There are 2 protein chains.
Amino acid sequence: MRADAKQNYEQLLLVAHEVVAEQGVEASLRDIARRANVGWATLLRHFPTREALLDDLLKERLHTLTLSASMLEASESPSQALVIWLRQAVAFVDVYSGIVTMMASSLSDTESALHSSCVELRKAGARLLERAQLAKVARNDLNGEDLFALIGALGWIGDQSHFAHRSNLLFSVVAGAIFIDGAVADHPALSDT
Amino acid sequence: MRADAKQNYEQLLLVAHEVVAEQGVEASLRDIARRANVGWATLLRHFPTREALLDDLLKERLHTLTLSASMLEASESPSQALVIWLRQAVAFVDVYSGIVTMMASSLSDTESALHSSCVELRKAGARLLERAQLAKVARNDLNGEDLFALIGALGWIGDQSHFAHRSNLLFSVVAGAIFIDGAVADHPALSDT
DNA sequence: ACCTGAACACCGTTCAAGT
DNA sequence: ACCTGAACACCGTTCAAGT
């Protein structure tokens with residue numbers, strides 16, 4: 001990448017993060033280009049679709065999240081590992097409002113620039129879920145898609161300003177439902193404080 | 001209302017239902033006016049905001065849902081009544097994709113044309129929840145807002161084509177989490193078939 | 001009273017020119 | 001190679017005319 005191109009790219013990412021964090025994933029791309037002092041068509045060539053921009057915005061943090069899943073796989077308690085990771089995943093999607101809807105549709109859209117990132121996320125969760133199922137602490141009728149769906153559902157709740165202040169409690173309600181009765185009764189990670 | 005006005009109004013509602021059921025709540029209003037063979041500005045005067053249109057589209061079915069809540073309040077089992085009503089509520093929001101997000105924001109926006117309808121819905125659920133709590137079968141730390149949030153979360157899952165085929169299972173997972181362990185173990189309404 | 005088109009400021013898509 | 005403005009077809013908002 002040429003030097004001026006690289007500078008444009010990085011300035012765009014910086015501004016895009018600010019604007020999207022403030023206004024959500026449907027923020028005006030034209031507005032982002034204006035605030036970044038970059039030509040409108042330049043943004044479109046760096047990021048041919050909205051999904052491509054979001055993918056680049058999420059890349060680093062997504063990598064951190066999947067790394068965290070790998071670490072947690074080696075931890076002592078399969079149920080606690082899953083709960084801790086779920087909390088991280090919900091915090092991850094909380095950064096940009098509307099991102100869960102975009103990710104959910106990208107999961108089934110092979111052509112989306114976000115697709116492979118979403119598959120990665122699902123796989124990371126699925127591994128932790130399967131470990132908990134083998135340990136007989138998580139419901140056996142759930143799979144990686146369901147985990148993704150529940151993270152999305154909690155992310156949706158966090159997106160609604162009217163519900164956001166209850167999202168900690170609702171996290172513990174929904175996350176707790178993934179486990180078999182009593183299996184996580186002694187896990188402080190599920191208490192709501 | 002003048003005769004021609006009334007005819008326009010009803011034609012608009014008819015077409016709007018079709019288009020919104022197909023494309024979701026963000027469907028083009030201009031397109032609806034075109035398909036209804038009605039002047040564009042005419043739609044805007046009948047429905048000054050998108051929320052006003054949706055409110056009229058939902059009114060009948062919402063009334064049915066609140067009536068159902070009243071009936072269920074007189075039924076034998078408080079827990080079963082709540083589960084049955086929750087299923088109806090999720091089916092209600094399933095008709096228009098994106099409606100849960102619009103309703104969630106209307107719940108805190110007193111100016112929205114949908115506001116009072118949303119409050120009605122929350123109240124109907126809250127009454128059934130409180131009855132179940134008094135009977136010691138539902139978690140005591142949840143309130144009407146939480147119930148609305150969980151209905152919205154399940155509605156969001158139903159909106160995503162990739163997750164919709166799991167929504168029955170996920171309903172039983174999330175709805176089951178509202179109750180105290182074992183309180184609904186014998187309720188066929190929570191089985192996933 | 002009610003209906004209607006048109007002007008306006010936005011959006012994302014596409015493309016032909018610039019350096 | 002990369003950047004850029006402009007034309008295009010849409011959107012919702014507003015308003016001045018029509019019958």
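Every chain is numbered from 1, with letters handed out A, B, ... down the list of sequences. The model shown is predicted, which means the values in this text are computed figures rather than measured ones.
- Take B:A89 and apply the side chain to side chain contact (heavy atoms under 4.5 Å, CB included) test, not counting sequence neighbours, and it matches B:L65, B:W85, B:I151.
- In this entry the distance linking CD of B:Q7 with C1' of C:dA1 reads 16 Å, nearest Å.
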Pairs under 3.5 Å (Watson-Crick or G-U), crossing ones as [ ], inter-strand ones as |: DNA chain C comes out as ||.|||||...|||||.||
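- Contact annotation: B:N8 reaches the phosphate of C:dC3 (side-chain N/O to OP1 or OP2, under 4.0 Å).
- Checked by atom type, the side-chain pair A:N8/A:T42 shows no donor-acceptor distance below 3.5 Å.
- Rounded to whole angstrom, the span from the OH atom of A:Y9 across to the P atom of D:dC2 amounts to 14 Å.
- Closest to the side chain of B:T42, out of C:dT4, C:dG12, C:dC2, is C:dT4.
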Nucleotide by nucleotide, nucleotides 14-19 of chain C touches protein heavy atoms under 4.0 Å in the pattern (B base, S sugar-phosphate only, - none) -B----
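- As a whole-Å value, the separation of B:K6 NZ from C:dC3 C1' is 19 Å.
- Within the 4.0 Å cut-off from OP1 or OP2 of D:dC3, at least one side-chain nitrogen or oxygen of A:R45 is found.
- Pairs engaging residues 12-32 of chain A under the ring-ring contact (aromatic ring centres under 6.0 Å, His included) rule: A:H17-A:Y96 [sequence neighbours left out].
- Within the structure, every side-chain polar atom (N or O) of B:H46 is placed at least 4.0 Å from both OP1 and OP2 of C:dC2.
- Residues from residues 22-37 of chain A lying near DNA chain C, meaning a heavy-atom separation below 4.0 Å, are A:A27, A:S28, A:L29, A:R30, A:R34 in numerical order.
- Partners of A:S116 according to the side chain to side chain contact (heavy atoms under 4.5 Å, CB included) rule, which considers only residues two or more places apart in sequence or in another chain, do not exist here.
- By the side chain to side chain contact (heavy atoms under 4.5 Å, CB included) test, B:R35 pairs with B:V15, B:V19, B:E22, B:Q23, B:D31, sequence neighbours left out.
- Between A:T49 and B:D4, it is B:D4 whose nearest contact on DNA chain C lies nearer the 5' terminus.
- Take A:D94 and apply the salt bridge (charged side-chain N to carboxylate O under 4.0 Å, His left out) test, not counting sequence neighbours, and it matches no residue.
- For the pair A:L43 CG and D:dC2 P, the computed distance is 16 Å after rounding to whole Å.
- Applying the ring pair (Phe, Tyr, Trp, His ring centres under 6.0 Å) rule to B:F47 yields the partners B:Y9; only residues at least two apart in sequence or on another chain are considered.
- A donor-acceptor distance shorter than 3.5 angstrom exists from the side chain of A:Q133 to the backbone of A:L142, with no hydrogens or angles considered.
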Can you give the donor-acceptor pairs under 3.5 Å from side chains of residues 118-126 of chain A to other protein atoms, not counting sequence neighbours?
from	atom 1	to	atom 2	distance (Å)
A:R122	NH1	A:E145	OE2	3.1

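- Considering only residues two or more places apart in sequence or on other chains, B:E73 meets the side chain to side chain contact (heavy atoms under 4.5 Å, CB included) condition with B:R127, B:L128.
- Between the C1' atom of C:dC2 and the CD atom of B:E10 lies a distance of 16 Å, rounded to the nearest Å.
- A search for side chain to side chain donor-acceptor pair (under 3.5 Å) contacts involving B:H115 returns nothing, not counting sequence neighbours.
- Distance B:F47 CZ to D:dG12 C1': 16 Å, rounded to the nearest Å.
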